[in-house]
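Take a look at the structure set out below.
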Amino acid sequence: MTAGASPDDAAPRPSTPWHLWLMGVVGLLLYAIAARDLVETARMSQTYFAEMGYGPAQVEYFTDYPVALRVLWAVQALSGTVAAVLLMLRRRWAAPAGLVAVVAQLAMLAATFGTMDRWQALGPRLALTDLIITAWMIGFWLYARHHRRLGVLR
């Protein structure tokens with residue numbers, strides 16, 4: 001081993017599995033959707049709301065959306081995007097970035113389901129979609145953590 005090299009530099013890196021790219025691309029797409037949702041909702045874009053099929057109840061739900069929840073939403077979208085990029089670059093920081101996205105998402109959902117009656121306001125379809133996406137986010141984080149432990153991510 002040369003001076004200044006870490007023990008990790010000496011070990012051969014496992015090859016990149018095809019599904020790593022799939023997870024990274026799906027992650028980028030989902031977090032791009034989250035970022036667009038955040039921006040268009042913050043703008044209160046009536047065109048976007050109509051495109052999403054939101055009625056008056058859904059638009060009202062977002063009218064006075066608390067700043068703290070917008071911050072959580074932004075943290076979730078940004079850290080998730082970073083996690084997806086880091087995963088495709090095979091960087092170990094993909095797992096912690098994914099965990100930040102999961103924690104932000106869980107905090108946001110706990111607050112909105114617990115205090116803003118998200119299920120009633122947005123309806124079961126949108127609420128269930130949020131829960132499915134959250135499950136995917138947890139899976140992404142576990143996937144990145146697993147591949148970091150395998151040495152695929154460094």
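Each residue takes its place number in the sequence, starting with 1. Predicted, not measured: the structure shown is a model, and the values here were computed from it.
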Within the side chain of [X], is there an N or O that forms a donor-acceptor pair under 3.5 Å with the backbone of [Y]?
{"X": "Ser45", "Y": "Thr41", "answer": "no"}
{"X": "Gln46", "Y": "Met44", "answer": "yes"}
{"X": "Gln58", "Y": "Gly55", "answer": "yes"}
{"X": "Arg148", "Y": "Trp93", "answer": "no"}

Practice item. Determine whether the aromatic ring centres of Phe140 and Tyr143 lie less than 6.0 Å apart. Key: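 Ring centres of Tyr143 and Phe140 not closer than 6.0 Å.
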Point to revise | Leu142 with Leu150, same ILVMFWY side-chain cluster at under 4.5 Å | key: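 Result: yes, single cluster for both.
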**Study point:** Hydrophobic cluster membership, Val100 vs Leu106, 4.5 Å side-chain cutoff
**Key:**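 No, because Val100 and Leu106 fall into different hydrophobic clusters, even though each may have its own neighbours under 4.5 Å.
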Drop me the distance from [X]'s [atom1] to [Y]'s [atom2], to the nearest 0.5 angstrom.
{"X": "Arg118", "Y": "Leu69", "atom1": "CZ", "atom2": "CG", "value": "9.0 Å"}
{"X": "Met108", "Y": "Gln76", "atom1": "CE", "atom2": "CD", "value": "5.0 Å"}
{"X": "Leu29", "Y": "Thr81", "atom1": "CG", "atom2": "OG1", "value": "10.5 Å"}
{"X": "Met52", "Y": "Arg36", "atom1": "CE", "atom2": "CZ", "value": "8.0 Å"}
{"X": "Arg92", "Y": "Leu87", "atom1": "CZ", "atom2": "CG", "value": "14.0 Å"}

Does [X] reach the side chain of [Y], with side-chain heavy atoms less than 4.5 Å apart?
{"X": "His146", "Y": "Val152", "value": "no"}
{"X": "Leu153", "Y": "Arg91", "value": "no"}
{"X": "Pro17", "Y": "His147", "value": "yes"}
{"X": "Met137", "Y": "Tyr31", "value": "yes"}
{"X": "Thr112", "Y": "Leu122", "value": "no"}
{"X": "Gln105", "Y": "Trp73", "value": "no"}
{"X": "Trp119", "Y": "Leu128", "value": "yes"}
{"X": "Arg145", "Y": "Pro96", "value": "no"}

